Amino acid sequence: MIYKKKIIELLAEHIPNAEPTLHFKNPFELLIAVILSAQCTDKQVNKTTEALFEKYKTPQDFAALSQEELAEKIKGCGLYRNKSLHIIKTCKIISERYGGRVPNDFLALQALPGVGRKTANVVLNLAFGKPTLPVDTHVYRVARRLGLSAGNTPRMVEKDLIDLIDVTERGVWHHRLIHFGRSVCTARNPKCAECVVQQYCQRLKKNAQTQIRRHD
DNA sequence: AACTCGGGGCA
DNA sequence: TGCCCAGAGTT
């Protein structure tokens with residue numbers, strides 16, 4: 001598929017540097033930050049974790065907190081009741097079963113409370129340098145609009161993107177597609193006029209005949 | 001497949 | 001002000 005290569009080329013040229021926006025000093029901090037980042041901005045997460053990691057540094061520190069205590073400290077990130085419970089459970093598992101170290105294995109990570117496919121892949125990539133390609137809602141939306149994947153699940157899109165993107169560049173592409181999805185290829189009212197790959201967009205073609213659908 | 005969680009971001 | 005999320009879990 002030559003057009004896919006062309007899309008990759010154009011996006012790479014248009015968005016040369018795409019770096020992670022979450023702040024972290026070690027795999028554990030990253031894991032907590034990514035759990036907190038669900039349905040929340042990285043800016044808000046950074047603000048929250050900066051204060052949080054000042055006082056609580058290890059899985060053992062978090063495992064000792066009550067849900068109410070932690071919930072109060074992570075309120076700014078939303079979904080605090082779920083997240084605080086997940087984080088405490090996860091920290092207990094990490095300290096009891098993994099000797100206080102974040103596992104670097106996908107299945108072990110995904111089995112942790114509050115950790116799904118996307119979170120596990122972000123941790124593997126950013127903390128352990130593994131060639132995963134995390135698919136969040138932005139990556140999913142962009143990949144489908146551009147016809148980079150015909151899959152209708154994040155997992156299928158992930159597989160197609162992994163086949164398409166070089167091992168050493170998957171982390172970069174995760175952030176590049178997120179950046180593109182937030183700034184240009186937005187869920188609502190995308191800025192198609194300033195899109196460098198609009199000629200390849202399946203959504204624009206479809207919209208000529210059908211009604212606009214947000215995520216397609 | 002649909003629903004819940006929730007403060008922040010944005011029209 | 002109201003609507004929608006830089007997901008994951010439960011039913």
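Owing to the predicted nature of the structure, the values given are computational and were not obtained by experimental measurement. In what follows, chains carry the letters A, B, and so on, assigned in the order in which the sequence lines appear, proteins first and then strands, with residues in each chain numbered from 1.
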Expressed as a whole number of Å, how far does the P atom of dA6(C) sit from that of dA11(B)? 13 Å
Quick one: is T137(A) getting a side-chain N or O under 4.0 Å of the dG7(C) phosphate, OP1 or OP2? yes
Can you tell me how the ring of F28(A) sits relative to the ring of F53(A), calling it parallel under 30°, perpendicular over 60° and tilted otherwise? tilted
Side-chain N or O of R81(A) closer than 4.0 Å to phosphate OP1/OP2 of dG6(B): yes
When rounded to whole Å, the CD1 to P distance for the pair I178(A) and dG7(C) reads 8 Å
Winner on side-chain proximity to H138(A), out of dG7(C), dA6(C), dG9(C), is dA6(C)
Could you check if a side-chain atom of Y140(A) sits within less than 4.5 angstrom of a side-chain atom of D136(A), using non-hydrogen atoms only? no
Kindly write out the residues that satisfy side chain to side chain donor-acceptor pair (under 3.5 Å) with E29(A), not counting sequence neighbours, or none if the list is empty. K25(A)
Can you tell me if T119(A) touches the phosphate of dA8(C), counting only side-chain N or O atoms and a distance under 4.0 Å to OP1 or OP2? yes
I'd like the C1' distance from dC3(B) over to dC5(C), given in whole Å. 16 Å
Is D136(A) touching bases, backbone alone, or none of the nucleic acid, heavy atoms closer than 4.0 Å? sugar-phosphate
Distance, C1' atom - from dG7(B) to dT10(C), rounded to whole angstrom: 22 Å
When rounded to whole Å, the CH2 to P distance for the pair W173(A) and dA6(C) reads 20 Å
Q39(A) side chain N/O closer than 4.0 Å to the phosphate oxygens (OP1, OP2) of dG7(C)? yes
Rounded distance in Å between the C1' positions of dG9(C) and dG8(B): 22 Å
Sorted by position of nearest nucleotide on DNA chain C, 5' first, the leading residue of A111(A) and R182(A) is R182(A)
Considering only the P atoms, how many Å lie between dC5(B) and dT1(C), rounded to the nearest integer? 24 Å
